[in-house]
Amino acid sequence: MSKDTISDILTCIRNADMAKKETVRIGFTKIAEKIVQILLREGFIKNTREHRENNKSFLVLTLRHKRNWRRNCRTLFNLKRVSRPGLRIYSNYQKIPRILGGMGIVILSTSRGIITDREARLERVGGEILCYIW
């Protein structure tokens with residue numbers, strides 16, 4: 001694993017989604033827990049649970065796939081990392097971008113914790129733009 005835990009989380013979820021896996025296991029950190037709570041609350045994943053193995057904690061996510069009558073699966077969401085360790089992107093609450101006209105979400109790291117763009121606009125706080133999800 002690299003030093004960028006947010007990028008690792010998003011890459012694991014993206015790869016499992018493209019491979020049509022039902023579950024994905026990611027390393028447990030406080031940032032990962034907050035991002036997964038947001039994904040669960042917004043309906044991008046079905047379920048999450050904590051798993052402990054050899055004194056290491058993991059989050060096991062159950063992904064949500066859209067199935068049609070031909071048994072084909074297609075990915076339900078896209079993830080894009082915006083701010084990274086080499087280039088931090090900050091925004092005030094008035095200039096937070098709207099993804100697909102409000103259909104997607106932006107996850108921000110603010111002084112009040114990791115929150116979505118809608119919550120940041122309501123609380124009138126800006127912060128570092130972590131990722132886009134649509």
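These figures come from a predicted structure and were not determined experimentally.
Rounded to the nearest 0.5 Å, atoms CD1 (Ile35) and CD1 (Ile9) are 4.5 Å apart. Going from atom CG of Asn78 over to atom CG of Leu10 covers 11.5 Å, rounded to the nearest 0.5 Å. Taking CG from Leu39 and OG1 from Thr48, the interatomic distance works out to 9.5 Å, rounded to the nearest 0.5 Å. One distance of note links OH of Tyr132 with CG of Asp117; it measures 10.0 Å at 0.5 Å rounding. Between Ile115 atom CD1 and Glu123 atom CD the span is 5.0 Å, to the nearest 0.5 Å. Taken to the nearest 0.5 Å, the CD1 atom of Ile13 stands 12.5 Å off from the CE atom of Met18.
Side chains of Arg41 and Thr116 form a contact here, defined as non-hydrogen atoms less than 4.5 Å apart. For the pair Arg81/Asp4, a side-chain contact is recorded, criterion being any heavy-atom separation below 4.5 Å from C-beta on. Counting heavy atoms from C-beta outward, Ile105 and Phe44 have side chains that approach closer than 4.5 Å. Side-chain contact between Ile38 and Ile133: absent, with no pair of heavy atoms (C-beta onward) separated by less than 4.5 Å.
The cluster map of Ile, Leu, Val, Met, Phe, Trp and Tyr, joined by side-chain heavy atoms under 4.5 Å apart, puts Trp134 and Leu108 in the same cluster. Hydrophobic clustering of Ile, Leu, Val, Met, Phe, Trp and Tyr side chains at less than 4.5 Å, counting indirect connections, unites Ile45 with Ile31.
Of all non-hydrogen atoms in Ala32 and Gly27, the two that sit nearest each other are CB-O, 3.8 Å. Shown here for Val24 and Cys12, the closest heavy-atom pair between the two residues is CG2-O, 3.7 Å.
Formation of a donor-acceptor pair under 3.5 Å by the Arg14 side chain with backbone atoms of Leu79 is found in this model.
With sequence neighbours left out, the side chain to side chain donor-acceptor pair (under 3.5 Å) criterion links Arg124 to Tyr93. Qualifying side chain to side chain contact (heavy atoms under 4.5 Å, CB included) partners for Ile89, counting only residues two or more places apart in sequence or in other chains: Val82, Ser83, Leu87, Ile129. A search for side chain to side chain donor-acceptor pair (under 3.5 Å) contacts involving Glu42 returns Arg118, not counting sequence neighbours. A search for side chain to side chain contact (heavy atoms under 4.5 Å, CB included) contacts involving Arg98 returns Arg121, not counting sequence neighbours.
Every pair passing salt bridge (Lys or Arg N to Asp or Glu O under 4.0 Å) that includes a residue from residues 83-97 is listed here, sequence neighbours excluded: Arg88-Glu128.
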Result block: side-chain N/O donor-acceptor pairs under 3.5 angstrom for residues 55-63, not counting sequence neighbours:
{"from": "Ser57", "atom 1": "OG", "to": "Arg52", "atom 2": "NH1", "distance (Å)": "2.8"}

Side chain to side chain contact (heavy atoms under 4.5 Å, CB included) evaluation trace for Glu33 with Phe28: CA-CA 7 Å; Glu33 183 181 27; Phe28 181 84; 3.7 Å; yes
Under the side chain to side chain contact (heavy atoms under 4.5 Å, CB included) rule, what do Ile26 and Asp8 come out as? Steps first, then yes or no, please. CA-CA 8 Å; Ile26 59 174; Asp8 290 339; over 6 Å; no
Starting from the C-alpha separation in whole Å, work towards a yes-or-no answer on side chain to side chain contact (heavy atoms under 4.5 Å, CB included) for Ile6 and Ile107. CA-CA 11 Å; Ile6 298 168; Ile107 297 179; over 6 Å; no
